[in-house]
There are 2 protein chains.
Amino acid sequence: MSANNRQAHSPEYYPGHSCEDKASGRLLLDQITDKWSVSILFALCSKPLRFNEIKRCMDGITQKSLTQCLRRLERNGIIARRVIPSSQIAVEYSITPLGRTLEAPFQALFNWTIEYSSDVTLAQAEFDARTTE
Amino acid sequence: MSANNRQAHSPEYYPGHSCEDKASGRLLLDQITDKWSVSILFALCSKPLRFNEIKRCMDGITQKSLTQCLRRLERNGIIARRVIPSSQIAVEYSITPLGRTLEAPFQALFNWTIEYSSDVTLAQAEFDARTTE
DNA sequence: CGGAATCCTCGAAGATACTG
DNA sequence: CAGTATCTTCGAGGATTCCG
């Protein structure tokens, strides 16, 4: 807001929040807006899924990446991991109440991609044409 | 270098079913939810800024990363680049109408990080305690 | 001032193999 | 089935230099 002050080492250009909010906010965003997390969260929003079920949805993901992503989401309290004892090991992942609170913001972002994807595509084409000539 | 040895990374389009929407949506999300784009967009929401002004805001960003990020945002039609002829070259970056439509979804996400950061921190502490013992 | 061009590193992500 | 354990590669990102 009132951020006309320019300093070399402590930029204060942020509307309404302090530097720490901004930095930690971005750090947290990095944790949850990565390549797969949004898709995984959406998948789990409808119903709990098992490891390989998720893997099948996220076509192209490796087991390692999926494991890492699920761990991070679990650590951040977004999803829950439940081991189902049976003849074959089964692990069910489900969304937590905290994870539910992310559904709306993510949906808003996703809706944006749907609504404006054509505008973006058009802008890309124009940019590419402009820079190729 | 030969492309033979290189594993083509898996195609992102999947025939037919509902995952396709999410996949393409994710591709677009990857373009705009990267490490710096959100912060840059927020910065430009208040007012247009010049290259080094943005650089000063994004503490820690390198010139190269900033250039790449600005190019991508410009290509996607989110921001506009305007060269101001003067004794010294000046380049002003501003948000486009299309970019404006992203402000609300991003703000929602950012507000989430503010609102629930303590919950996440708590979840992390519990997870770490659980997995250390 | 606002970049482009190089060089370089370092860690994320892939491939593969093994296990409870 | 749901992972772990290694090894390797590869490319994004940092540091530096130069330039209109």
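The chains referred to below are lettered A, B, ... by the order of the sequence lines, with proteins before strands, and numbering in each begins at 1. Bear in mind that the values here come from a model prediction, so they are computed numbers and not experimental data.
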Would you mind reading off the distance between [X] atom [atom1] and [N] atom [atom2], rounded to a whole angstrom?
{"X": "B:I61", "N": "D:dA12", "atom1": "CD1", "atom2": "C1'", "result": "13 Å"}
{"X": "B:Q88", "N": "D:dC19", "atom1": "CD", "atom2": "C1'", "result": "14 Å"}
{"X": "B:E53", "N": "C:dG3", "atom1": "CD", "atom2": "C1'", "result": "16 Å"}
{"X": "A:L49", "N": "D:dC1", "atom1": "CG", "atom2": "P", "result": "14 Å"}
{"X": "A:I54", "N": "D:dA2", "atom1": "CD1", "atom2": "P", "result": "9 Å"}
{"X": "A:N52", "N": "D:dG3", "atom1": "CG", "atom2": "P", "result": "9 Å"}
{"X": "B:L70", "N": "D:dG13", "atom1": "CG", "atom2": "P", "result": "14 Å"}
{"X": "B:K55", "N": "C:dG2", "atom1": "NZ", "atom2": "P", "result": "11 Å"}

Quiz question: by atom type and distance under 3.5 Å, do the side chains of A:T121 and A:S118 form a donor-acceptor pair?
no
Does [X] put a side-chain nitrogen or oxygen below 4.0 Å from OP1 or OP2 of [N]?
{"X": "B:Y93", "N": "C:dG3", "value": "yes"}
{"X": "B:R50", "N": "C:dG3", "value": "no"}
{"X": "B:R71", "N": "C:dG2", "value": "no"}
{"X": "B:R81", "N": "C:dG2", "value": "no"}
{"X": "A:S65", "N": "C:dG14", "value": "yes"}
{"X": "A:T62", "N": "C:dG14", "value": "yes"}

Testing the basics here: between B:T96 and B:I78, what is the closest heavy-atom pair and its distance to 0.1 Å?
OG1-O, 2.9 Å
Looking only at heavy atoms, which two atoms of B:R71 and B:R81 are closest? And how far apart?
NH1-NE, 3.7 Å
Below 30° counts as parallel, above 60° as perpendicular, anything between as tilted: where do the rings of B:F51 and B:Y93 land?
tilted
Report yes if a donor N or O on one partner sits less than 3.5 Å from an acceptor N or O on the other, where the partners are the side chain of B:Q63 and the base of C:dA4; otherwise report no.
yes
Looking only at C:dG2, D:dC1, D:dG14, the nucleotide nearest the B:K35 side chain is D:dG14
Map A:I89 and A:K64 onto DNA chain C by nearest heavy atom, then report which one ends up closer to the 5' terminus.
A:K64
In sequence, state the C-alpha distance, the side-chain angles, and the governing distance for B:Q63 and B:T67, and then conclude on side chain to side chain donor-acceptor pair (under 3.5 Å).
CA-CA 6 Å; B:Q63 174 266 324; B:T67 300; 3.1 Å; yes
